[in-house]
Amino acid sequence: METEIVRVNPERPEDNSEGIVLCGKIIRKGGLVAFPTETVYGLGANALDGSAVADIFRAKKRPQDNPLIVHICNFDNLDLVADFTGEEGERQKKMFMKMAEAFWPGPLTMIVNKAAGIPDEVSCGLGTVGIRMPSNKVARALIKESGVPIAAPSANSSGKPSPTKFSHVYDDMFGKIDCIIDGGDSSVGVESTVLDLAGSAEPTILRPGAVTRSDVEAVLGCCAECDWKASEGKVEKPRSPGMKYRHYAPKAPVIMYSGARSPVASRIRSEIIIAKNSGKTVGVLATDETICYYKDADFVKSLGPSDRGLVQAGRLFSLLREFDADCVDIILAEAVSESGVGDAVMNRLFRAAGGRIITVSDKISE
Ligand code: TXA
Ligand code: MG
């Protein structure tokens, strides 16, 4: 398939209005357009067109039971996506509107009851739907021009790290979809927080992101969070289907080490020697403070300062893809602080590692 590339100034998408008009047309006709958002690039289709949405699954090789998030740019089409009728609908809508006021447009997805017009291809048979209003100007221009809500997962091949740059999308999707918008880098770098308002009485974070648990608590008064470490690979039917798949994974196995800085550094240093002695090319994922410890590794990359979760989030997926390009055989990664958005960074790292986390001076816990 021929893939069109449309270059757009991230700050001034209106400068290439022809390009945006073209992309809107492709969406309306049932085609696929990859576009930047502030979290990661998305792979979009008309959310009301089941067969267009089915093409997303084919292009990504995405498992059929993993539902998609629907993106909107204002509240005009909300009734086409959400069902806020009845007592339960009212309850959800109250929380939904409060959260929207506080965090939209932005990196927050809310799960609510779905409207009848949302096809099964989007919701994968669930009675609910995830909705997000992105802040990225290019994403907003595209949704507005399309005139329909846009269903979009991250624009990576399923299982690979999510794309935060045009080049990542190009590598995974060129030749498989109608169009890729080259609209700069994603600023947040990890996918949106997924907040379930439909499940039980308490709003629950199913996937951590830049909107944190305490952010939600500040607005709604309470918030639960799924224990993603406990559920890794073990739950057949988690509340968020996406959580059961190995994800965000570079080609090489990732092993994560947690514990105090100095024992972790010595442990990783000895693992470097062991791996190199058996002929392996070794990559290490460290922080600015610890990068100096790992001179023996073939490739050492820093996520950023150890206390800057947002910087780490912005770099994580890109660095995992760089290790692929370096052809390393193994990636040894330091665990990072789980406070604030660090929770999201650790969640993605943990899943890239397939749950292989070693608490230093402890044994592997799967
Ligand atoms: O930041 C983001 O959310 C990006 C950008 C493109 O908006 N999108 C994204 O989509 O990360 P995706 O498909 O890669 O991840 C969506 C996650 C999956 O874990 C999926 O299982 C969950 O949201 N999800 C979607 N709809 C759901 C529903 N109705 N109930 C529970 N989980 C749902
Ligand atoms: Mg994804």
Side-chain angles (χ1 to χ4, degrees), residues 33-45 47 53 56-57 59-73 81-83 92 103-115 118 120-136 138-140 142-143 149-164 168-169 172 181 183 186-200 204-211 226 228 231 235 237-249 313 317 344 347-348 351-352:
V33 177
F35 61 98
T37 87
E38 69 279 17
T39 56
V40 300
Y41 269 73
L43 176 54
V53 172
I56 293 180
F57 284 78
K60 278 185 63 101
K61 297 203 168 72
R62 182 177 174 102
Q64 294 290 339
D65 63 349
N66 194 6
L68 306 182
I69 293 169
V70 175
H71 298 69
I72 56 176
C73 63
V81 186
D83 175 6
Q92 290 175 20
F103 299 107
W104 276 3
L108 170 73
T109 295
M110 290 185 268
I111 309 284
V112 296
N113 287 349
K114 84 174 181 81
I118 292 293
D120 269 351
E121 283 84 353
V122 171
S123 57
C124 298
L126 298 174
T128 54
V129 64
I131 310 177
R132 180 160 104 81
M133 189 187 288
S135 62
N136 180 285
V138 181
R140 297 176 65 76
L142 173 69
I143 302 166
I150 294 186
S154 47
N156 51 298
S157 298
S158 203
K160 289 207 4 179
S162 293
T164 56
H168 301 160
V169 183
D172 283 14
I181 301 181
S186 296
S187 54
V188 176
V190 291
E191 305 87 340
S192 61
T193 303
V194 176
L195 178 68
D196 188 358
L197 300 177
S200 48
T204 303
I205 290 179
L206 305 182
R207 179 177 71 181
V211 174
C226 274
W228 43 264
S231 64
V235 184
K237 255 190 171 287
R239 271 167 78 180
S240 184
M243 299 307 271
K244 77 176 182 228
Y245 297 105
R246 185 178 181 231
H247 244 139
Y248 318 118
F317 288 139
N347 168 270
R348 306 312 191 269
R351 303 192 63 211

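Each residue takes its place number in the sequence, starting with 1. Because the structure is a prediction, the values reported are computed rather than measured. Ligands are counted one by one from 1 in listed order, and the atoms in each one are counted from 1 as well.
- Near N66, with a cut-off below 4.0 Å to any heavy atom, the atoms of ligand 1 are 18 (C), 20 (C), 21 (O).
- Of all the heavy atoms of I69, the ones lying under 4.0 Å from any atom of ligand 1 belong exclusively to the side chain.
- Below 4.0 Å from some heavy atom of T39 lie the following atoms of ligand 1, by number and element: 1 (O), 2 (C), 4 (C), 5 (C).
- S187 contributes atom OG, which lies 6.5 Å from atom CD of E38 (distance to the nearest 0.5 angstrom).
- Contacts between R132 and ligand 1 below 4.0 angstrom, taking non-hydrogen atoms only, involve the side chain exclusively.
- If you number the atoms of ligand 1 from 1 as listed, the ones under 4.0 Å from a heavy atom of S154 come out as 8 (N), 9 (C), 10 (O), 12 (P), 14 (O).
- Between atom 33 (C) of ligand 1 and the options L43, I111, T128, the minimum heavy-atom separation is to I111.
- Nearest-heavy-atom check against atom 10 (O) of ligand 1 across A151, P153, P107 picks out P153.
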Open item on the list: Between T109 and S192, does the side chain to side chain donor-acceptor pair (under 3.5 Å) criterion hold? Intermediate values first, please.
Closed with: CA-CA 6 Å; T109 295; S192 61; 2.7 Å; yes

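- Remark: ligand 1 atoms within the under-4.0 Å shell around heavy atoms of H71 are 5 (C), 6 (C), 7 (O).
- For the pair S123 (side chain) and T128 (backbone), a donor-acceptor distance under 3.5 Å is absent.
- Contacts with ligand 1 closer than 4.0 Å are made by side-chain heavy atoms of R62 only, the backbone lying farther away.
- A82 is linked by a side-chain contact (heavy atoms from CB on, under 4.5 Å) to L78, F84, V112, I131, counting only residues two or more places apart in sequence or in another chain.
- Ion pair E191/R132 not flagged as a salt bridge, since none of the NZ, NE, NH1 or NH2 atoms sits closer than 4.0 Å to an Asp/Glu carboxylate oxygen.
- Near L126, the atoms of ligand 1 lying under 4.0 angstrom from a non-hydrogen atom of the residue are 28 (C), 29 (N), 30 (N).
- For the Mg ion (ligand 2), protein N/O/S neighbours under 2.8 Å (waters excluded) are S154 OG.
- Residues satisfying the side-chain contact (heavy atoms from CB on, under 4.5 Å) test with P161, not counting sequence neighbours, are F317, L320, R321.
- Remark: E121 engages no residue in a salt bridge (charged side-chain N to carboxylate O under 4.0 Å, His left out) (not counting sequence neighbours).
- Inclusion of S192 in the set of residues having an N or O under 3.5 Å from an N or O of ligand 1 is warranted.
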TODO: Could you go through the side chain to side chain donor-acceptor pair (under 3.5 Å) check for R348 and S162 one step at a time?
DONE: CA-CA 10 Å; R348 306 312 191 269; S162 293; over 6 Å; no

